[in-house]
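Please read the structure below before turning to the comments.
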Amino acid sequence: MSARIFRFAPSPNGYLHLGHALSALINRRLADEADGLLLLRIDDIDLDRARPEFERAIIEDLGWLGIRFDGGIRRQSDHLDDYTAALEALSGEALVYPAFMSRGDIRRHIADAEASGRQWPRDPDGAPLYPGIDKHLDEVERRRRIDAGAPFAWRLDIDKAAQLAGTALCWREDGSGPNGESGRVSVDPKRWGDVVLARRDAPASYHLSVVVDDAIQNVTDIVRGRDLFYSTGLHRLLQELLGLPVPHYHHHRLVLGDDGRKLSKSRQDTGIAALRAAGMTPADVIRLAGTD
Ligand code: GLU
């Protein structure tokens with residue numbers, strides 16, 4: 001039997017915090033228990049926010065914590081062609097369309113609809129679904145706008161995609177979701193609406209790049225924080241559309257700040273580097289991160 005493959009995939013748009021440390025530690029433990037491999041991937045697809053100094057700091061902090069990785073590092077920015085190929089495959093099936101509404105257009109459209117008493121649907125993260133008006137533009141008008149330099153994003157036509165994928169989408173959850181979901185979890189991909197898969201200046205969204213990378217790296221076990229639990233439904237849909245293998249998933253608890261909210265890089269929460277600077281040892285930080 002071939003080895004099970006795990007991965008830890010931080011985005012270098014901030015410093016490593018306790019939540020990442022917990023995720024990397026759980027990944028290492030589960031990989032060791034399965035006699036498997038743990039890969040380190042740098043998810044730097046967000047070219048605007050990813051910075052080499054964060055990547056250096058993340059790698060240094062992981063080394064300081066004593067977390068071992070197998071094989072070389074994969075950086076998303078080195079593999080943009082892989083994401084373009086996936087987008088083209090979806091485009092070949094007419095599953096994506098150029099969406100021209102700006103953030104302001106979307107906000108106004110939804111505000112108008114809500115002002116007339118309509119409750120606008122939201123995705124599992126609470127963001128309003130894309131109105132999808134320009135899904136119905138014809139090819140000539142799309143071309144005209146693109147040639148005129150109008151900004152746009154490639155969005156998934158979720159109705160078409162869900163129909164093509166069928167109703168039996170599910171995944172095996174070895175951890176648990178925010179509402180205690182575990183075992184066989186069924187997916188309703190329509191909850192995400194017409195998500196962005198790429199922008200004119202960003203070759204792939206997080207969702208598209210992550211499923212492509214996991215398949216290319218033969219990842220069998222995806223172990224990550226519970227904040228990504230519902231995204232898995234969308235990942236399963238993309239895997240189905242692209243004919244990719246289906247890994248097992250294990251979502252683990254999040255490390256919460258004193259205010260009960262999850263830690264985030266953008267909130268400048270206490271990072272591993274700051275804990276080190278405050279005199280903590282790796283063992284102290286590992287104890288503070290806790291276990292699953
Ligand atoms: N790169 C993502 C992050 O830093 C995680 C990707 C994943 O585990 O699927 O939040």
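Sequential numbering from 1 along the given sequence is applied to the chain's residues. When a ligand or atom number is given, it counts from 1 through the structure's own listing order.
Remark: ligand 1 atoms within the under-4.0 Å shell around heavy atoms of V210 are 9 (O). Near R224, with a cut-off below 4.0 Å to any heavy atom, the atoms of ligand 1 are 7 (C), 8 (O), 9 (O). In the vicinity of D43, heavy-atom distances shorter than 4.0 Å reach the ligand 1 atoms 1 (N), 2 (C), 6 (C). Residue-ligand proximity, Y206 to ligand 1, at heavy-atom distances under 4.0 Å covers atoms 6 (C), 7 (C), 9 (O). Close contacts between ligand 1 and R7 involve ligand atoms 7 (C), 8 (O), 9 (O) [criterion: under 4.0 Å to a heavy atom].
Side-chain polar atoms of S176 and R226 form a donor-acceptor pair below 3.5 angstrom.
Panel note: side chain Y83, backbone L197; no donor-acceptor pair is recorded below 3.5 Å. Between the D157 side chain and the L95 main chain, no donor and acceptor come within less than 3.5 Å of each other.
Taking distance alone, with nitrogen or oxygen atoms compared against 3.5 Å, A9 approaches ligand 1 more closely than that limit.
Contacts of E240 classified as side-chain contact (heavy atoms from CB on, under 4.5 Å), with partners at least two apart in sequence or in another chain: A165, L169, R236. Residues satisfying the ring-ring contact (aromatic ring centres under 6.0 Å, His included) criterion with Y97, sequence neighbours excluded, are absent altogether.
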